[in-house]
Amino acid sequence: MIFETERLIVKKLKKEDFEPFHEMQSNPKVMQFVRGKPMAYEENRKELSELIDKYDEATNDFWIYAIERKTDSEFVGTIAFVKDEKGEDEIGYRFLEKYWRNGYAKEILNGMIAYARKIGFKKLIACVAPENIASEKIIKSSGFKFQKIIFAEDLGIDEHKYSLEL
């Protein structure tokens, strides 16, 4: 286990997470602001394997973890701690659509902030598309401050960049 919140546990991804991972990654609504498009079965199989392999890399700076519910160990989504192109610590999260509107995003974001403080991060950044109203609201309510508008080349859209001093 990496960390836990009141209702959720964050832990390393495992191969057994593939079916719900694929369900999440192949959903156009979930992936709209992540990759701009859903991912295919084989892409997801390859990505999950690569993410799991990264846990053993000494120089890894791209950490993606599974989020499970405590009540039933059900996979509900993933979180990310990654270094962006400027070396800043960027965070992110995504959930299977069926788990939206349960308060999980706010809960996991607060858990991520507490965990980042515990392991010595000084600042976190989050980039969110302005059309992703729910995520932007959650980011702001957790204390992140707007920095600037950036262009996300991978998505071809502008995003709002936020930061939080820890």
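What you see below is based on every heavy atom in this structure, not just the backbone, and it leaves out hydrogens, waters and symmetry mates.
- Considering only heavy atoms from C-beta on, Gln25 comes within 4.5 Å of Arg94 through its side chain.
- Without hydrogens or angle criteria, Asn102 side chain to Tyr104 main chain gives no donor-acceptor distance under 3.5 Å.
- Closest of all the heavy-atom pairs between Lys15 and Ser49 is NZ-OG, 3.8 Å.
- For the side-chain hydrogen bond (donor to acceptor under 3.5 Å, both in side chains) test, residues two or more places apart in sequence or in another chain that qualify with Lys11 are Glu68.
- In terms of modelled atom types and a separation under 3.5 Å, the side chain of Ser141 and the main chain of Ile138 share a donor-acceptor contact.
- If you chain together hydrophobic residues whose side chains sit under 4.5 Å apart, Phe81 and Leu8 fall into the same group.
- Around CZ of Phe62, the count of heavy atoms belonging to other residues, nucleotides or ligands within 6.0 Å does not exceed 12.
- Other residues, nucleotides and ligands contribute more than 12 heavy atoms inside 6.0 Å of the NZ atom of Lys70.
- Put simply, Tyr65 and Ile9 are part of two different groups of oily side chains (I, L, V, M, F, W, Y) that touch within less than 4.5 Å, one to the next.
- Every residue two or more places apart in sequence or in another chain was checked for a side-chain hydrogen bond (donor to acceptor under 3.5 Å, both in side chains) with Asn60, and none qualifies.
- Residues Met24 and Ile52 share a hydrophobic cluster, clusters being chains of Ile/Leu/Val/Met/Phe/Trp/Tyr side chains in contact below 4.5 Å.
- Hydrophobic clustering of Ile, Leu, Val, Met, Phe, Trp and Tyr side chains at less than 4.5 Å, counting indirect connections, unites Met31 with Ile91.
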Side-chain donor-acceptor pairs of residues 117-128 under 3.5 Å, sequence neighbours excluded:
| residue | atom | partner | partner atom | Å |
| --- | --- | --- | --- | --- |
| Lys123 | NZ | Glu88 | OE2 | 2.9 |

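- Put simply, the side chain of Ile79 reaches to within 4.5 Å of the side chain of Val10, judged on heavy atoms.
- At distances below 3.5 Å, not a single donor-acceptor pair connects side-chain atoms of Asn110 with backbone N or O atoms of Glu107.
- Rounding to the nearest 0.5 Å places CG of Asp89 at 9.0 Å from CG of Leu166.
- Nearest heavy-atom pair, Gly111 versus Phe3, reported as atom, atom and distance to 0.1 Å: C-CE1, 3.5 Å.
- No donor-acceptor pair under 3.5 Å is formed between the side chain of Asn132 and the backbone N or O of Ala129.
- Contact detail for Glu97 and Val30: the closest heavy-atom pair is N-CG2, 3.9 Å.
- With a 4.5 Å cut-off on side-chain heavy atoms, Leu96 and Phe75 count as touching.
- A 4.5 Å side-chain heavy-atom check between Ile139 and Glu136 finds every atom pair outside the cut-off.
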Audit row: Glu50, Lys54, salt bridge (charged side-chain N to carboxylate O under 4.0 Å, His left out) steps and yes/no: CA-CA 6 Å; Glu50 289 172 354; Lys54 284 185 180 287; over 6 Å; no
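- Counting only distance, with no hydrogens or angles, the side chain of Asn44 and the backbone of Phe21 share no donor-acceptor pair below 3.5 Å.
- Other residues, nucleotides and ligands contribute over 12 non-hydrogen atoms within 6.0 Å of the NZ atom of Lys14.
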Does the side-chain contact (heavy atoms from CB on, under 4.5 Å) test come out yes or no for Leu51 and Glu47, once each step is laid out? CA-CA 6 Å; Leu51 292 172; Glu47 180 163 319; 3.9 Å; yes
For residues 143-159, tabulate all N or O donor-acceptor pairs below 3.5 Å that involve a side-chain atom, not counting sequence neighbours.
| residue | atom | partner | partner atom | Å |
| --- | --- | --- | --- | --- |
| Gln147 | NE2 | Lys145 | O | 3.2 |
| Gln147 | NE2 | Ser163 | OG | 2.9 |

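- For His22, the ring pair (Phe, Tyr, Trp, His ring centres under 6.0 Å) partners two or more places apart in sequence, or in a different chain, are Phe18, Tyr41.
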Apply side-chain contact (heavy atoms from CB on, under 4.5 Å) to Ser142 and Leu164, showing your working. CA-CA 9 Å; Ser142 293; Leu164 177 68; 5.9 Å; no
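- In the hydrophobic cluster analysis, where Ile, Leu, Val, Met, Phe, Trp and Tyr join through side-chain heavy atoms closer than 4.5 angstrom, Ile64 is grouped together with Met39.
- With hydrogens and angles disregarded, a donor-acceptor distance shorter than 3.5 Å links the side chain of Glu43 to the backbone of Ala40.
- Shown here are the side-chain hydrogen bond (donor to acceptor under 3.5 Å, both in side chains) partners of Tyr93, two or more places apart in sequence or in another chain: Ser135.
- With contacts defined as side-chain heavy-atom distances shorter than 4.5 Å, the pair Tyr55/Leu13 qualifies.
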